[in-house]
S.K.: 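I have a structure I would like to understand better, so I am pasting it below and will then ask my questions one at a time.
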Amino acid sequence: MTGTTATATGTAAGDTASRVLVLNSGSSSVKYQLLDMRDSSRLAAGLVERIGEQTSRLVHTPLGGGGGDKRERTGPIADHAAALKAVAEELAADGLGLDSPELAAIGHRVVHGGLRFSAPTVIDDAVLAEIERLVPVAPLHNPANLTGIRTAMDLRPDLPQIAVFDTAFHTTMPESAARYAIDVETADAHRIRRYGFHGTSHAYVSRETAKLLGKAPEEVNVIVLHLGNGASASAVKGGRCVDTSMGLTPLEGLVMGTRSGDIDPAVTFHLKRVAGMSTDEIDVLLNKRSGLVGLCGDNDMREIRRRIDEGDERALLAFDIYIHRLRKYIGAYYAVLGRVDAVAFTAGVGENAAPVREAAIAGLEELGLAVDADLNSVRSEKARLISPEYARVAVAVVPTDEELEIATQSYALVRGVNA
Ligand code: ADP
């Protein structure tokens, strides 16, 4: 069941089919995009949120052929099946129905693929069972992903359904980076190791960074900084991930919007013994009430910068702690890689927050790293360099596109070519 790059034999779509529907199913939401892989263009995109509540909402945006007005539905959508049916209706209204022979595959984002899945995989019963087996290590995400997959399979049982795993890109990490230094038998019995997440983004951004440098991915070493609400760093050597900051779960590593990132594990014993908190309460504290929001009450970097400009000291301290951790990872991954060709910033904060990029790189000239203030202040949706010409290491802003990456990998699998 190791991830396969073979063609989805027997289920391959017709030769002319070029569309891929990408589904990202959360516990109460479904995000979707329909892409045409002939030119990687987007035909439609949307989101269903608050599934199962009275106030569910579907927002659908037609994007093909000059686009069209955004459409919105509100009112109860009972479950994922109803959500996907509503999405199918919206797509059909644009002439993009899911029953179309143009549809080549449905690509699903799956958060945890454990060690077994190192590549996009055609979903069958055995794959479903393995994703289910991984629920204990991804209790929030994998059940929702499974619901989305099963719903889509009911809708189009004849179509290749492809799982693209957040963990897959990190399966190349050596044992020295992937293992925690704890008792090996205990770790193995409970599958405790560092898996890493955001892999689809790290894969896409590291490849796009190589492209920006005019090189093949095999030729370059890149530190990717995916700074969204969740945040992670990775060290990518010649196109392969050799270390990443998230671990068994997405809690480890950088300071995030609401997660603490790295912390002495003894803090949890202390909270239990001294503060009398339960395991669930500590889980919520570290995942939802920590990071930037825990430090200053806000997790939106725009708001934090606004408060800093007004002289707010708590916001400034939160920013400084965020940057300090980020710089530690840049230094660590510099050492892991030995030679660095580029540092790439991506996701909401990385793509938009010039002060974060400036502060993360400031004073690192000895490492060949510098940011040009003018280039850094340019706002653009394109991949671009922000380092001065003299700098030995390129610093880049590379917008991530996880949906395109999922569609590309899914399409390559059904067409039997390498992504
Ligand atoms: P996720 O996918 O993890 O939810 P995103 O990658 O969309 O997150 O990033 C969301 C975060 O990006 C916001 O919480 C905010 O901190 C930051 N962000 C978005 N736009 C800007 C901006 N213009 N300037 C600074 N930060 C921004």
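All ligand and atom numbering here is 1-based and tracks the order in the structure. Every heavy atom of this structure was used, including side-chain atoms; hydrogens, water molecules and symmetry mates were not.
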S.K.: Start with the C-alpha gap between Leu96 and Arg19, add the side-chain angles, then the distance that decides, and say whether side chain to side chain contact (heavy atoms under 4.5 Å, CB included) holds.
M.R.: CA-CA 9 Å; Leu96 301 168; Arg19 291 178 193 155; 3.8 Å; yes
S.K.: Less than 4.0 Å between a side-chain N and a carboxylate O, is that true for Arg71 and Glu89?
M.R.: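 No salt bridge links Glu89 with Arg71.
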S.K.: Taking only Lys NZ, Arg NE, NH1 and NH2, and the carboxylate oxygens of Asp or Glu, determine whether Arg307 and Glu303 approach each other closer than 4.0 Å.
M.R.: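 Salt bridge flag = no for Glu303 with Arg307.
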S.K.: What residues come within 4.0 Å of ligand 1, counting heavy atoms only?
M.R.: Gly228, Asn229, Gly230, Asn299, Asp300, Met301, Arg302, Ala347, Gly348, Val349, Asn352, Ala353, Arg379
S.K.: Considering only NZ, NE, NH1 and NH2 on the basic side and carboxylate oxygens on the acidic side, decide whether Glu175 and Arg193 come within less than 4.0 Å.
M.R.: yes
S.K.: Using the side-chain hydrogen bond (donor to acceptor under 3.5 Å, both in side chains) rule, collect all pairs that involve residues 241-251, keeping only residues at least two apart or in two chains.
M.R.: Arg194-Asp243
S.K.: Can you tell me how far the CD atom of Glu403 sits from the NZ atom of Lys31, to the nearest 0.5 Å?
M.R.: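 Reported to 0.5 Å precision, the distance equals 7.5 Å.
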